[in-house]
Amino acid sequence: MFSDTTHYFRQAAERMGIGERVQRLLEKPKRTVKVEVAVELDSGDLAVFQGFRVQHNGARGPFKGGLRFHPTVDEDHSMALAALMTWKSAIVDIPYGGAKGGIDCDPNQLSPGELERVTRRFVSEIHEVIGPHKDIPAPDVNTNAQIMAWIMNEYSRINGYSPAVVTGKPVDLHGSPGREEATGLGVTFAIQRYLERKGLSIAERRYAIQGFGNVGSHLARHLHQRGGKVVAVSDVHAALHNPEGLDVPKLLEHMGARGTVKGFEGGDALPRDDLLYVDCDVLVPAALGGVFTQENARDVRAQLIVEAANGPTRPAADAIFNERGVDIIPDVLANAGGVIVSYFEWVQNIQQFRWELEDIRGKLDRFISGGCKTVFDLAERKKIPYRTAAYIVAIGRVGKATVLSGI
Ligand code: GLU
């Protein structure tokens, strides 16, 4: 996966005429920490997981990025996702470098007590490299506000009261209003800005969303509130299709009660992978990476792909989409809403002053729209894909900060 991120980085860096040595300097992570996370299970057995924290580039500020608890977490994934965070923060112009990490465990197989012990042990192993002005973790796949609360508590136990060491905390424990919906709402704003340029609006377009977790479900809600027709959704258990548009509030209720979209009666069941090929205007991957490949890219019917997930498009698929004239709003821009509101949460923790939800939504809109304007303008002027334009903007900003600091 790191080779995919490197591919996109190099594509842009070469266009900018950046030399090989500087490319290498910007491409590789600054620091990779790998730890053994040993915990006692409820059965009394010992389990040992591997934990990672990769800090990619800190030229623009403290390292920032999520923690993923998933069996696929390894050094290569963490490196790729950390690099994406560097470019993402630069594109929407928030003062952070990029980091990522996680543990190769499956939280669905752990009891709440085991999950808490895994989290606390991980923090005790990495606490020296994180901190409110060093590296600030946040939620990602399979991690949530409760886990962030344990991280804050464990870090504070070792280092003293430090709410700003982690973001995505519960609103009742130094978290921010609007953080949970932030990625989905940010994706909504990005779609809105794209459509406006074409003289269109969210209303009456048809959307298919792959993944109905935190990001996909909030996105569906916001699109529906603006008159969009969500015609298909999927999760790990099932996919649903209704060409007339799913009843999103009812679907969210069903999801709340059952924890899956499976069994919802307002749509027809589809084979899960077929979601990618349904007739729609906008297709949103909002689950794991590596969804679009050389094998399936020609079967996608949407004219716009919006990457709510990190790394959903392999380079071969990206080339096919470009050749076919399918637009892609890339992950590093489309899903930046999460880290933007993380930034607001961090600022509130440092200020010790709570902002209002409406204020947060308005500021989120301004940061995403600012990133969209810069990237879309450049792409149109140079006639290049949005992804390349986004990387050019990011590399330019990180490069400038590096030069100004002195190497
Ligand atoms: N995990 C999210 C992302 O990939 C959010 C990171 C953060 O808030 O620091 O952008």
Side-chain angles (χ1 to χ4, degrees), residues 5 8-9 11-16 60 84-94 182-205 207 215 219 222-223 226 228 280-286 292 300 302-313 315 317-341 343 361-400:
T5 320
Y8 295 132
F9 164 79
Q11 218 172 33
E14 266 150 38
R15 196 174 255 279
M16 295 167 84
R60 301 183 75 257
L84 288 180
M85 289 307 302
T86 299
W87 312 129
K88 194 184 296 185
S89 296
I91 290 161
V92 292
D93 207 3
I94 55 174
T183 310
L185 181 56
V187 173
T188 310
F189 290 142
I191 294 173
Q192 200 171 342
R193 297 297 160 242
Y194 171 91
L195 291 172
E196 269 168 17
R197 288 196 167 222
K198 314 269 173 202
L200 303 168
S201 72
I202 285 183
E204 296 309 317
R205 305 280 104 206
Y207 305 84
V215 179
L219 170 66
H222 282 290
L223 290 172
R226 288 160 178 77
C280 64
D281 302 303
V282 183
L283 175 59
V284 185
F292 300 119
V300 167
Q303 273 308 301
L304 174 66
I305 292 170
V306 185
E307 296 181 341
N310 285 311
T313 309
D318 193 64
I320 294 172
F321 290 138
N322 290 337
E323 171 205 311
R324 289 184 50 211
V326 174
D327 279 339
I328 304 173
I329 307 182
D331 44 11
V332 283
L333 172 61
N335 72 30
V339 72
I340 292 170
V341 180
Y343 167 52
R361 285 178 167 166
K363 285 190 168 72
L364 169 60
D365 188 3
R366 283 211 294 284
F367 274 78
I368 287 280
S369 300
C372 285
K373 180 164 176 17
T374 311
V375 169
F376 295 168
D377 281 353
L378 182 66
E380 279 165 26
R381 209 171 59 240
K382 300 257 183 204
K383 303 205 174 355
I384 52 177
Y386 296 134
R387 193 189 311 278
T388 313
Y391 273 77
I392 289 176
V393 171
I395 295 167
R397 287 182 177 160
V398 172
K400 216 173 265 173

Hey, does the side chain of Asn335 reach the backbone of Thr183 with a donor-acceptor pair shorter than 3.5 angstrom? no
Return yes if some donor-acceptor pair links the side-chain N/O of Arg226 with the main-chain N/O of Ile202 below 3.5 Å, else return no. no
What class does the angle between the rings of Tyr8 and Tyr391 fall in, given that below 30° is parallel, 30 to 60° is tilted and above 60° is perpendicular? tilted
Taking C-beta and beyond as the side chain, do Leu283 and Phe292 meet within less than 4.5 Å on heavy atoms? yes
Decide if atom NZ of Lys383 counts as having more than 12 heavy atoms of other residues, nucleotides or ligands within a radius under 6.0 Å. no
Has Glu196 got more than 12 heavy atoms of other residues, nucleotides or ligands less than 6.0 Å from its CD? yes
Indicate the atoms forming the closest heavy-atom contact of Val300 with Arg324, along with that distance. O-NH2, 3.0 Å
How close do Ala302 and Val326 get, counting heavy atoms only, and between which atoms? O-CG1, 3.8 Å
Least distance between heavy atoms, Thr313 atom then Arg387 atom: CB-NH2, 3.7 Å
If you look at every heavy atom in Val92 and Ala336, which pair is closest and at what distance? CG1-CB, 3.7 Å
Is Leu378 close to Thr374 at the side-chain level, that is, under 4.5 Å between some pair of heavy atoms? no
Within 45 degrees of the ring normal and closer than 6.0 Å to the centroid, is that where the cationic atom of Arg193 sits relative to Phe376? no
I need the minimum non-hydrogen distance between Leu364 and Gly186, along with the two atoms involved. CD2-N, 4.1 Å
Nearest heavy-atom pair of Ala394 and Ile91: which atoms, and what distance? CB-CG1, 3.7 Å
